[in-house]
Amino acid sequence: MSWLCRPRKGGVDCRNYSHNSSSEFYSSLGLEGFSVADTSGTVEEDTDSAILYGTLRGSIVGLRYYKGVVNNNEMVALQREPNNPYDKNAVKVNNVNGDQVGHIKKELAAALAGIMDNKLAVVEGVVPYGAKNVFTMPVQMSFWGREENKEAVLDQLKMHGFKLAPPLKECGFGSKWISGKTGPTYSAPVHAAVHLTTEQLKSEFDKLFEDLKEDDKTCEMEGAEAVGTLLLPHQKQALAWMVSRENSDNLPPFWEERNNFYYNILTNFAVKERPKNVLGGILADDMGLGKTLTTIALILTNFQDGKPLPVEKITSDKSYEVRWKKKIVSQYSKSSDLGESEECLPLQTERSSFNYCTASIQSVEKKYSEDGPRTTLIICPLSVLSNWIDQFEQHTSQDFHLNIYIYYGSDRNKDPAILSEQDVVLTTYNVLATDYGVSKYDSPLHKIKWLRIVLDEAHTIRNPNAQQTKAVLSLEAHRRWVLTGTPIQNSVKDLWSLISFLKLKPFTDREWWHRTIQRPVTMGTPGGLRRLQSLIKSITLRRTKISKVKGKPILELPERKVLIQHVTLAEEERQIYQSVKKEGKVAINRFFNEGTVLAHYADILGVLLRLRQLCCHPHLCTNTSSSFSVGSNTPEELRQMLVNKMKLVLSSGSDEECAVCLESLTLPVITHCAHVFCKPCIYEVIRSEQPNASCPLCRSELRVEHLVECSLEEELNSSNGKKGGQEWISSSKINALMHALIELRKENPTIKCLVVSQFTTFLSLIENALKKSGFVFTRLDGSMAQKKRVEAIQCFQSSQAGSPTVMLLSLKAGGVGLNLTAASRVFLMDPAWNPAAEDQCFDRCHRLGQKYNVIITKFIVKDSVEENMLKIQNKKRELAAGAFATKKPSASEIKQTKINEIKALIDL
DNA sequence: ACCGCCGGGTGCC
DNA sequence: ACCGCCGGGTGCC
């Protein structure tokens, strides 16, 4: 219990980011002490665009009253202490470990207080010398902030009689002092940050994972007896690496031993006790290489001192019983994949029978009573929960029994004593966050010290302010693993949560992460990327599908070819297309001339959607609930119009991102100015900009009471917009598809195909054509119940004669785990906005288990919006390749990108 | 703190 | 002397 009550260092700690107004906001509620960690995501994240204003020498006083010590050249943190009873301007000075060293002298503190409270600048300190002083010591301060705040900061300092020295070359990162024998020397970063070109960054990034196969990462290790599956060579390597990391007593990265002290060469912090290495790391293999299997092998193989997990060996008379139980587990799993809300839970009976099982298994005589913790906690998104259960079932030998508890569902057992008796507890990020949200102190998963925690698809916690992230970061464990196929999605920033989870000192504290890694990288400081590289390298194992083991490709995947098949519209189709295009172009031109493009963003997406639909089939384009009228009607009409616009944006398949968090929309809401954001994101913007918040995209007034959300019924109603008895006709695209399918059938009637579209109504139209030509087909889309999905997949994957040869697939159906290797042909009926979504879809058949070369055919209508979409896709690919280490785009940059996209799409 | 600063004691040479 | 100077007490914010 004790670790829960203690204020936590290294959790989400925003000391230097705390905001005056927000602390007042919370203290008015009597909540001070809880507030600071909850500061908005918008203000503090701007630290990426900070420039160095200058430096100032000051002094730290009161050293004799505190135990925190520093070394010469060590970085220190300056932290406001507004509740200090002697001086409301007080500024504390802490060392890297978070121990207080002293205070900033009061005259200087008086000047700093306003600057820090109003977040005009971030003030960072380094103690250049005098670290052994008894009463006072000097501190060299650097002032960082956004260009527009520079004057205000200089004025503020001047008022108190201080003046910044020009940013000396060497003190850009306070790194003059860390050069010493070990650290790299930085030269002239400061004002004119050397921004690397995209290509340079990209190649640097590629190097990040080079040489990873060297070191000790090529040793192989066999799994324990209880691992029922033979591991592939690269999986044995991963197992060996993971086991060695769990049992290692090496120093963590950037620490060195020097005469009985341990030095951190980035911050110059020293401690007497040997810092513990991360007993874990990041397994960042590409998907399909078997991260799940390897992790299961790890759990079974490395319990304590390199000994296997003492699992129960099953005697033959028991094995029937257990097999039967395993069956129930898998049944449970297959119905649990719908959504995270409690309503979508699997059937009560199935769950309770499973829980009953676990209980009965626990009553079986216990062979082992270990002192330390024995349980591994696995946290994953709901969509892969069932995959874990399946894989445990598949890969644990039939002769052994693992106690696995699925901590999910409203009747989950919250007794920590029961949970900590399991071998494995499986749960989801949302369940964890929900428990934690109800009460940090009653959350059962937070009461247990785990043997090991595994975060699957760990990039789901890349937002440090998300409740899920906070919940994950405050779990206790000996060993910590992060599984992800995408270690760095958008920027270095995304790494922080992961590094912090791994408890890598001193990076658990965002300030140190930012000063030592993030800023040097984003500013392009020479050596910055190398530093990040050596950090990543020391804790990460990453192989891609094309990596090699002993000169051989890791996975011998068949070839994958993408062909573009141009389609010419028939005359009548072309006419409709042209007239809709003309009409849309006139409207969009008007928006451009009026400068109201963004205000009509949803309308424009609507035009583009209609054009894309017309490329597929004229019948798709009947949802012409044109919302061009902007007449201010009754509030209810206005609301309905906004709901319609939002539905348009959401259904347009444009994969809209929230401009605040840059991720796909969760709980979308629409503003009066018709821009769609995540509800929590926009609430945060409104709160942090109070009293006068404005839309991040267009700066118009923003008020909570003006936000409109789409109720669940409305969403449902819109999705089953079934076509009434319209008479079936074909289309040019369908003809092209059918031609290809029939040719293929002649060639080889057993080849299976995926026919993919973003428009489920289009899939329905294609059904007609398939029926007419006598194809046996099945279908998988997002609206299907879990049971039906499983049926469809099993049916399609079957190699039996008469099994379907075609699967109609909606582009985003199914999670990453979806396995459709029976297909070796893909027909992509319409291009997606986001090329990554297409690739993901292709990977569902082009993956481990695929026996044939995969040929993908993209149908693209000539002289249409589809051709332009291909261009945008290419641009996005380039962008994604170079996205690493670039800073978060501002709202105005997003705006510009969107405008450019629109221009490119409608060829203006 | 081998400082600065404060405030009481003190007062030609 | 409503000063200077001395020397003891004292010391973060």
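Just so it is clear: chains get the letters A, B, ... in the order the sequence lines come, proteins before strands, and each one is counted from 1.
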Sort me out a list of protein N/O and nucleotides 4-6 of chain B N/O pairs below 3.5 Å, or just none if empty.
none

Between the protein and nucleotides 11-13 of chain C, are there any N/O to N/O pairs under 3.5 Å, and if so, what are the atom names and distances?
residue, atom, partner, partner atom, Å
C:dC12, OP2, A:Y65, OH, 2.3
C:dC12, O4', A:G62, N, 3.4
C:dC12, O2, A:H103, ND1, 2.7
C:dC12, N3, A:Y66, OH, 2.8
C:dC13, OP1, A:K106, N, 3.0
C:dC13, OP2, A:K106, NZ, 3.4
C:dC13, O3', A:D87, OD2, 2.5
C:dC13, O2, A:N84, ND2, 3.1

What nitrogen or oxygen pairs link the protein and nucleotides 8-10 of chain C at under 3.5 Å?
none

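Under the side-chain hydrogen bond (donor to acceptor under 3.5 Å, both in side chains) criterion, A:R480 pairs with no residue at all, not counting sequence neighbours. In this view, A:D87 satisfies the side-chain hydrogen bond (donor to acceptor under 3.5 Å, both in side chains) rule with no residue, not counting sequence neighbours. A:Y436 is linked by a ring-ring contact (aromatic ring centres under 6.0 Å, His included) to A:H446, counting only residues two or more places apart in sequence or in another chain. The salt bridge (charged side-chain N to carboxylate O under 4.0 Å, His left out) search around A:E273 returns none, not counting sequence neighbours. A:K276 is linked by a side-chain hydrogen bond (donor to acceptor under 3.5 Å, both in side chains) to nothing, counting only residues two or more places apart in sequence or in another chain. Under the side chain to side chain contact (heavy atoms under 4.5 Å, CB included) criterion, A:S497 pairs with A:I461, A:P464, A:T469, not counting sequence neighbours. Under the rule for a side-chain hydrogen bond (donor to acceptor under 3.5 Å, both in side chains), A:T434 has no partner lying at least two apart in sequence or in another chain.
C:dG4 and C:dG8 have their P atoms separated by 23 Å, with the value rounded to a whole Å. When the P atom is compared between B:dG9 and B:dC13, the two are found 23 Å apart, to the nearest whole Å. Remark: the separation of the P atoms in C:dC6 and C:dG11 is 25 Å, to the nearest Å.
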Table please: side-chain donor-acceptor pairs of residues 151-162 of chain A below 3.5 Å, with sequence neighbours left out.
residue, atom, partner, partner atom, Å
A:H160, ND1, A:Q156, O, 3.1

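Checking A:V101, A:V93, A:I60, A:N73 one by one against A:V127, the side-chain contact (heavy atoms from CB on, under 4.5 Å) holds for a single residue, A:I60.
Sorted by first and then second residue, the pairs that involve residues 87-129 of chain A and meet ring pair (Phe, Tyr, Trp, His ring centres under 6.0 Å), not counting sequence neighbours, are A:Y66-A:H103.
Here B:dG9 sits opposite C:dC5 as a Watson-Crick or G-U wobble pair (both hydrogen-bonding atom distances under 3.5 Å).
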